[in-house]
Each structure stands twice: as C-alpha cells, then as structure tokens.
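The sequence lines fix the lettering, A, B, ..., with proteins before strands; numbering per chain opens at 1. All of these numbers come straight from a predicted model, not from anything done at the bench.
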There are 2 protein chains.
Amino acid sequence: MEDLKLFDAEYKFMDIIWELEPINSTELTKVCRKKLGWKKSTTYTMIRKLSERGILKNENATVTVMVKREQVQKYESEVLLEDKFDGSLPIFLATFLQDKKLSKEEAKEIQKMIEEATK
Amino acid sequence: MEDLKLFDAEYKFMDIIWELEPINSTELTKVCRKKLGWKKSTTYTMIRKLSERGILKNENATVTVMVKREQVQKYESEVLLEDKFDGSLPIFLATFLQDKKLSKEEAKEIQKMIEEATK
DNA sequence: GTTTTTAGTTTATCACGGTAAACCTGTACT
DNA sequence: AGTACAGGTTTACCGTGATAAACTAAAAAC
C-alpha cells in the first residue's frame with residue numbers, strides 16, 4: 001500500500017483539501033496563502049509530492065483526493081496503537097481514560113460500537 | 001508542563017531506558033550500541049538533551065527516568081485524538097474499529113472501563 | 001607511574017522536511 | 001504585437017533532528 005504517513009505540513013495541507021476538494025489549483029494556492037501563509041510554489045511543490053505518492057491527483061488544474069481523511073486517520077491510529085500500546089485497544093483505553101470522565105451519551109455510543117465489533 | 005513530545009529516535013531510546021532503568025550510563029551506551037547501533041557519544045548526546053528537558057536524570061553515572069512511559073503514552077494519545085479526531089473518543093473508535101473484530105474478553109474489559117469512566 | 005577505562009563535553013556533519021525564488025509555457029485580453 | 005495571468009517545473013536554501021568524531025579529566029588497573 002502507499003505510504004499513508006503524512007508529515008505535519010502535509011497534514012495541514014490535506015486538511016484544507018479534504019474540506020474543499022475538488023478545487024482548482026490556482027484557487028488552492030490562494031487558500032494556502034491565506035490559511036497557511038504559503039507562497040504559490042510551496043503549494044505546487046506539495047501538490048506534486050503528494051500526487052507522486054498517490055495521495056491526491058491534479059488533472060486539468062483540478063485537485064482531488066485519492067485517499068480519504070478516514071483512511072489516514074485509521075492508519076495513524078493503528079500506528080499509534082501498534083507502536084505505543086503493543087497493538088492493544090484495552091491498554092490504550094486504560095491509559096487514555098485515566099482521569100477522564102465520559103458523558104452518558106458518549107459511553108452509550110461506545111458500548112454500542114464495542115458490541116458490534118465483537119464476534 | 002515539560003514538553004512530552006518525543007521524536008522517533010528519542011522514543012526508541014526511552015524505550016530501552018524505561019525497560020532497564022536505573023541503569024549505569026556506560027552500560028547504557030553499550031546497550032544502545034547493540035540495540036540501536038549508536039556510538040557512545042550519540043547516547044550521551046541523547047542523555048543530555050533529554051535531561052535538559054526533564055525527561056530523565058543522570059546522576060553519579062546512573063540514569064533514571066523522571067517521566068513514566070504511561071505519561072508519554074497518554075500525552076501522545078491525547079494529541080492524536082485532539083489533532084485528528086476533534087478530541088472525540090467515539091469518533092476515534094468508530095474509525096479505528098472499522099473492519100476489526102474484538103474478542104469477547106477484550107470487549108468485556110473495555111465495557112468495564114467505559115462504565116467506570118462514566119459519571 | 002604509566003596505561004586503560006569510565007564518564008562525560010564540545011563541536012560538527014548529514015539527511016530531510018519545509019519553504020520558496022526563479023523560470024517557463026500557453027492562453028486570453030487590449 | 002504586447003501585456004497579464006493561469007498553471008505549473010526546476011532548483012535551492014534553511015532549520016533541525018539524528019548521529020558521531022575528537023577531545024578531556026578523573027579514577028582504576030597494572
């Protein structure tokens with residue numbers, strides 16, 4: 001699979017694209033100038049690098065994504081769990097929930113998801 | 001609070017220390033040489049940088065940690081959730097659990113933790 | 001008393017992520 | 001014909017994380 005690891009600047013950039021795609025590339029340079037303070041060439045460099053990796057596509061001056069936000073989120077979660085928590089969701093939760101309180105709604109939502117993921 | 005963000009090399013290094021601390025610094029250079037392929041000076045550079053940040057301590061040639069593994073794990077989890085999932089545990093879980101199955105034991109464990117974190 | 005080892009510090013190199021200047025080509029407008 | 005702008009590419013600089021060479025000083029071993 002393509003490498004879904006996004007560096008910080010790449011992620012900030014993708015965040016904009018996920019929100020606005022499909023978007024004209026010149027328009028995108030303007031948004032990035034405003035939101036990230038980037039020069040035009042910086043945006044085009046990013047576009048090129050990310051298309052080389054199959055993360056997005058630039059055709060006829062229109063930028064569209066090849067990889068959905070969720071795929072990246074999932075990938076990042078799995079890497080974190082794998083690297084830092086021995087791949088164990090219970091261990092992750094035990095650590096994460098320390099000193100935290102959940103609302104009844106959140107708890108219910110989660111219980112339901114857990115049930116549905118149980119074989 | 002001190003900055004708990006650890007870079008990749010720092011984390012690999014801390015992994016060793018969390019396992020072996022308290023450990024003599026010369027001994028540590030040998031372990032790092034073996035497990036990470038590092039030269040002695042690299043290990044000492046790491047020791048110095050991490051002690052400047054209050055992550056560990058080196059006294060009388062004995063290295064001990066000031067920050068437990070769990071604190072870093074928790075910090076990293078919170079940053080990921082905050083940055084990538086809008087700080088929402090349900091959203092995180094919905095994404096993470098896609099195409100995943102949990103064993104009955106895992107599910108039970110998790111249900112219990114959720115209950116206990118509910119006010 | 002000389003060599004070896006321990007326990008570091010100072011200083012430097014290198015790779016790479018982040019950012020951009022400079023340049024180029026085509027097209028639309030005047 | 002000349003200017004303006006869209007839509008890029010080529011090339012490069014800069015900061016910093018990762019790694020280490022070279023040097024030092026004290027203690028231990030011989």
Q. Is the distance between the ring centroids of B:Phe13 and B:Phe7 under 6.0 Å?
A. no
Q | Rounded distance in Å - NZ (A:Lys30) to P (D:dG8) | A | 13 Å
Q: Using whole Å, report how far CE of A:Met14 lies from P of C:dG18.
A: 14 Å
Q. Base, backbone or nothing for each nucleotide of nucleotides 14-30 of chain D, written B, S, -, heavy atoms under 4.0 angstrom, 5' to 3'?
A. ---SSBBBB--------
Q) Looking at DNA chain C, which of residues 16-29 of chain A put a heavy atom within less than 4.0 Å of it? A) none
Q: Run the salt-bridge test on A:Lys101 and A:Glu106 with the 4.0 Å N-O cut-off and return the result as yes or no.
A: no
Q. Would the number of heavy atoms belonging to other residues, nucleotides or ligands and lying under 6.0 Å from NZ of B:Lys108 be above 12?
A. no
(Q) What is the separation between atom CG on A:Leu56 and atom P on D:dG8, rounded to the nearest whole Å? (A) 12 Å
Q. Taking C-beta and beyond as the side chain, do A:Leu56 and A:Glu21 meet within less than 4.5 Å on heavy atoms?
A. no
Q) Can you check the A:Leu50 CG to C:dT19 P distance for me, whole Å? A) 13 Å
Q: May I ask you to test the B:Lys12-B:Leu36 pair for a side-chain heavy-atom distance under 4.5 Å?
A: yes
Q. Counting heavy atoms not belonging to B:Lys100, are there more than 12 under 6.0 Å from its NZ?
A. yes
(Q) Would the distance check show the side chain of B:Asn60 and the main-chain N or O of B:Thr62 forming a donor-acceptor pair, the cut-off being under 3.5 Å? (A) no
Q. Would a distance-only check, ignoring hydrogens and angles, find a side-chain to backbone donor-acceptor pair under 3.5 Å from A:Trp18 to A:Val67?
A. yes
Q: Send over the distance from A:Glu52 CD to D:dT10 P, rounded to a whole Å.
A: 10 Å
**Q.** Whole-Å distance separating the NZ atom of A:Lys35 from the P atom of C:dT19
**A.** 17 Å
